[in-house]
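All values below were derived from every heavy atom in this structure, side-chain atoms included, with hydrogens, water molecules and symmetry-related copies excluded.
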Amino acid sequence: MSQHTNGVAISGPRAVYDLAGKTAIVTGSARGIGAGIAIELGRRGANVVVNYTSPKSKQVAEKVADQVASCGSGAQSAAIQADVTSHDGHKSLVDAALRLSSASHIDILVHNAGNGDDYYLTDITEEFYQMQTDINIKAPIFLTQKVLPHMPKGGRIVIIGSCSARMGVPQQTVYAATKAANEAFARVWSTELGQSRGITVNCVNPGPVATDMYYASSQEFIDSLKPMIDSTPAEARIGEVRDIAPIVGFLCSEESRWVTGSVVSSSGGLLFF
Ligand SMILES: NC(=O)c1ccc[n+]([C@@H]2O[C@H](COP(=O)([O-])OP(=O)(O)OC[C@H]3O[C@@H](n4cnc5c(N)ncnc54)[C@H](OP(=O)(O)O)[C@@H]3O)[C@@H](O)[C@H]2O)c1
């Protein structure tokens, strides 16, 4: 064995259910990227609180929770309607996670719920600014506050940001700013929660991903991104949920212990940083 491995064997079978016994909250996980993350964590053995807010998402959220509970890993799941911008919503999510956890722990918190509406600078209203900053900035701060008393050493926090934070895409004044804030959360919280609590915090930045949020954009916006998508280094296509979920799965695992305060570009190479 090489001395550079410090005597630790790095081959051998990989634990398939590497999150068994852990409990996770994934916000906004009825659809899109969040649903993929919930199922990925469940496949790895974690109990998962699946979260939605619109009544019309109840059925799809329950279907995601069923997929988690029936994937064969032994994970349990619950679909919880809760608005992540409200303190009552935070309480509902924390209470649901504690019901799923036999150890009364919340080991994993994934801040995925987001609003991606786009407006030119001249069209931004104070109401829109308030709504988008409440979901994308305020919610991660105050939900994390509520979860921290229950998060043990080894806890994992992942925030879904966006490459938009760094790209200067027209119509994204508020969205890009909120996603830049998400990156800042990872850096600041990694130092606040690292040595003192043993928690890692990372931000995952997808490029364009084929979800409801993407297709809710105007045709003008979608058309404007096509040349960029066609030039994606990894493959000439839009990102898919299956490209993003395993990256978050890794960042929630014990094996990611040496990654914290990072912004992980998950864009097929559209942005390297
Ligand atoms: N799609 C992309 O191209 C892309 C690219 C980069 C980053 N992202 C980021 O990835 C994350 C997920 O995006 P997506 O494309 O998967 O979005 P999506 O398909 O629109 O799904 C958004 C989810 O967030 C939930 N949500 C919205 N507001 C909420 C609130 N106040 N409380 C609780 N849940 C709420 C929605 O709940 P309901 O189902 O109840 O409506 C839904 O489940 C977002 O943070 C987004 O900014 C997306």
Side-chain angles (χ1 to χ4, degrees), residues 25-34 37 49 51-55 57 80-94 109-148 157-193 201-209 211-218 221 225 244 248 261-267 271 273:
I25 296 172
V26 183
T27 64
S29 44
R31 306 183 274 123
I33 295 170
I37 293 168
V49 175
N51 162 237
Y52 66 102
T53 189
S54 345
S57 288
I80 301 295
Q81 182 176 20
D83 180 347
V84 292
T85 67
S86 80
H87 292 294
D88 286 351
H90 301 164
K91 186 173 179 335
S92 300
L93 293 172
V94 168
L109 174 58
V110 182
H111 294 292
N112 168 81
N115 176 277
D117 294 349
D118 303 311
Y119 287 101
Y120 284 112
L121 171 61
T122 45
D123 297 331
I124 294 167
T125 62
E126 289 201 17
E127 289 71 25
F128 168 71
Y129 170 87
Q130 194 64 53
M131 179 276 290
Q132 198 168 63
T133 55
D134 276 359
I135 297 176
N136 296 359
I137 298 183
K138 186 180 114 174
I141 293 175
F142 292 101
L143 178 57
T144 301
Q145 273 188 358
K146 289 267 170 42
V147 166
L148 277 178
I157 300 174
V158 179
I159 310 161
I160 308 302
S162 171
C163 283
S164 290
R166 298 164 181 237
M167 292 180 73
V169 177
Q171 306 184 49
Q172 294 197 333
T173 297
V174 184
Y175 183 69
T178 64
K179 293 300 172 177
N182 292 166
E183 294 188 8
F185 293 166
R187 288 188 283 269
V188 174
W189 297 352
S190 68
T191 56
E192 284 196 18
L193 307 177
V201 189
N202 291 288
C203 181
V204 167
N205 276 4
V209 180
T211 67
D212 294 347
M213 180 185 287
Y214 179 78
Y215 289 110
S217 304
S218 67
F221 182 83
L225 292 188
I244 312 300
V248 178
S262 286
V263 176
V264 181
S265 178
S266 310
S267 63
L271 278 185
F273 45 80

Check your understanding: Taking it one step at a time, do Ile157 and Val147 satisfy side chain to side chain contact (heavy atoms under 4.5 Å, CB included)?
Key -> CA-CA 10 Å; Ile157 300 174; Val147 166; over 6 Å; no
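In terms of modelled atom types and a separation under 3.5 Å, the side chain of Gln132 and the main chain of Asp117 share a donor-acceptor contact. Gln81 contributes a side-chain N or O that, together with a main-chain N or O of Thr53, makes up a donor-acceptor pair within less than 3.5 Å. Remark: the backbone N or O of Ser262 is paired with a side-chain donor or acceptor of Asn202 at under 3.5 angstrom. In this structure a side-chain-to-backbone donor-acceptor pair under 3.5 Å is present from Thr27 to Ala113. Within the 3.5 Å criterion, the main-chain N or O of Ile160 finds a donor-acceptor partner in the side chain of Lys179. Side-chain N or O atoms of Asp83 include none that pairs as donor or acceptor with a backbone N or O of Gly89 at under 3.5 Å. Of the possible polar contacts, none joining the Thr211 side chain to the Ile33 backbone as a donor-acceptor pair under 3.5 Å is found. With hydrogens and angles disregarded, a donor-acceptor distance shorter than 3.5 Å links the side chain of Asn51 to the backbone of Ile80.
Here the closest non-hydrogen pair linking Asn112 and Ile37 is OD1-CD1, 4.3 Å. Taking every heavy atom of both residues into account, Trp189 and Val201 meet most closely at CB-CG2, 3.8 Å.
Aromatic ring orientation, His90 versus His87: perpendicular (interplanar angle above 60°, classes split at 30° and 60°).
Side chains of Thr178 and Asn136: a donor on one and an acceptor on the other come within 3.5 Å.
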